[in-house]
Amino acid sequence: MEIRGVKVDVRYLKELNLLYEAKLRDLEEEAHKLSGESFNLNSPKQLAEVLFNKLGLPVQRKTPTGQPATDEEALSALVDQHPLVEVLLRYRELYKLRYTYVEGLLQSVHPRTGRVHTTFHQAVAATGRLSSQSPNLQNIPIRTEEGKRLRKAFVASREGWVLLSADYSQIELRIAAALSGDPHMIADFQAGRDIHTSTAQYLFGPVSPLSESEKRRIAKTVNFGIIYGITAHGLVQRLGGGLSRTEAQKLIDTYFMRYPAIKSYIERQIEQVRKCGYAETLLGRRRYIPQINSSNKVQRAEAERLAINTPIQGTAADMIKVAMIRLHKRLPDIPLLLQIHDELLWEVPESEIESIARIIQEEMVEALPLPNQVPIEVEIKVGENWLEMAPLSLS
DNA sequence: GAGATCACG
DNA sequence: ACGTACGTGATCTCG
């Protein structure tokens with residue numbers, strides 16, 4: 001993956017760069033006009049001075065060093081109070097895209113290969129995941145419309161070839177279901193149900209003032225929270241306004257009534273780390289967590305969350321690594337380009353898409369069978385670039 | 001080089 | 001009363 005590199009469309013990136021350059025210039029000018037002075041928009045310190053002293057907007061929160069926070073969460077709460085805030089949010093978004101991604105990628109294009117060659121680290125992440133550096137190709141934008149435009153720059157490197165992505169679906173929740181043996185969660189996956197919708201129905205029942213999509217959103221946040229070692233306060237923070245700590249705790253309690261084996265799994269993991277000092281994945285890779293017996297309550301709580309999360313995240317890392325090795329052997333002439341934790345990106349000849357996709361799907365599904373008959377699902381998509389990928393259905 | 005911020009799974 | 005969800009890397013400012 002490192003040596004082969006990934007082809008990026010340099011012309012397209014240069015066009016984006018000019019576009020962002022112009023937009024950023026306008027936004028900067030607008031921001032200075034609205035604030036009545038010229039200052040460095042990239043300095044949180046100068047920005048805080050303008051927002052909270054000069055314009056008198058209310059400080060939302062302090063950073064760990066006592067400085068007023070100006071991050072997206074703090075700014076979003078102020079959008080209705082001054083027109084400058086929206087300009088700043090847009091400026092931040094585009095600045096990140098231009099400098100970290102557009103310029104970063106352009107600078108990373110190798111002069112001889114014309115491709116981008118990342119470095120993957122195999123012994124950095126404590127859970128067993130890979131990490132990617134110089135440039136990081138595991139955090140290319142996808143969540144916002146503006147950010148997605150970056151993905152269009154990633155293209156197949158040969159005429160007649162296309163990109164193929166293969167994603168493990170809900171892999172960490174499936175692993176939680178399997179390791180815990182929780183009957184309801186297992187049944188949901190076996191029936192092919194949408195796990196977040198299923199959780200939503202249980203948490204809120206049929207009579208609720210909330211919309212279906214709102215219920216699902218909350219359930220999804222709770223499900224992810226479980227994997228990370230949920231706390232009532234953490235849930236309040238992520239769900240935002242309107243929810244009290246007590247209500248959050250109630251959601252968690254209700255959740256554990258539906259999925260009792262998840263609750264006992266969590267307790268079991270914490271107990272295991274207390275006893276032997278490490279958490280382990282399904283394949284037996286260990287992470288030592290000595291702070292589990294700390295006299296400091298905060299450190300102990302952090303250690304307990306690691307005890308919960310590490311086997312789940314680490315088992316997912318085990319699984320995709322096994323799949324990578326097996327697929328390297330089975331498809332020696334099909335180049336794997338990137339691994340993004342639960343996704344593999346390849347380039348494949350257009351004429352052989354179907355047969356190759358079947359092999360990739362089969363090996364990923366079978367790489368590491370989970371206990372308790374929890375099924376694994378892999379979604380395959382194909383496209384000319386990393387943005388415009390269409391699902392490929394294999395019957 | 002620390003801190004703040006923000007991109008991803 | 002306390003501090004708060006797991007794992008990463010890149011960029012900027014500022015002392």
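Just so we're on the same page: letters track the sequence lines, and every chain starts at 1.
- Between A:Gln138 and the phosphate of C:dG7, there is no side-chain N or O to OP1/OP2 separation shorter than 4.0 Å.
- Across the P atoms, C:dA5 and B:dA4 are found 15 Å apart, a figure rounded to whole Å.
- Among the atoms of the strands shown, only primed sugar atoms or phosphate atoms (P, OP1, OP2) are found under 4.0 Å from some heavy atom of A:Arg92.
- Looking at heavy-atom distances under 4.0 Å, A:Ile140 makes contact with sugar-phosphate atoms alone, never a base.
- Nucleotides C:dT4 and B:dT5 have their P atoms positioned 15 Å apart, rounded to a whole Å.
- When atom types are taken as modelled, the side chain of A:Gln361 and the backbone of A:Val378 share a donor-acceptor pair closer than 3.5 angstrom.
- OP1 or OP2 of C:dG9 has at least one side-chain nitrogen or oxygen of A:Ser131 nearer than 4.0 Å.
- Using a 4.0 Å heavy-atom distance criterion, A:Ala316 is classed as making no nucleic acid contact.
- Of the listed nucleotides (C:dT8, C:dT4, B:dG9), C:dT4 has the atom at the smallest distance from the side chain of A:Thr231.
- Within the 4.0 angstrom heavy-atom criterion, no nucleotide atom of any strand lies near A:Ala232.
- At the heavy-atom level, A:Thr70 lies under 4.0 Å from the strands shown only through sugar-phosphate atoms.
- Crowding of A:Glu93 atom CD: a count of heavy atoms from other residues, nucleotides or ligands under 6.0 Å exceeding 12.
- Remark: A:Arg287 fails to qualify as a cation-pi partner of A:Tyr278 under the 6.0 Å distance and 45° angle criteria applied to the six-membered ring.
- Nucleic acid contact class of A:Glu343 (heavy atoms, under 4.0 Å, all strands): none.
- Among the protein residues, A:Ile142 comes within range of the sugar-phosphate backbone only, with heavy atoms under 4.0 Å from sugar or phosphate atoms but none that close to a base.
- Using N1 to N3 plus N6-O4 or O6-N4 for Watson-Crick, or N1-O2 and O6-N3 for G-U wobble, each under 3.5 Å, C:dT11 pairs with B:dA4.
- Atom CG of A:Leu18 sits in a crowded spot, with more than 12 heavy atoms from other residues, nucleotides or ligands closer than 6.0 Å.
- Among the heavy atoms of the strands lying under 4.0 Å from A:Arg305 are primed sugar atoms or P, OP1, OP2 only; no base atom is included.
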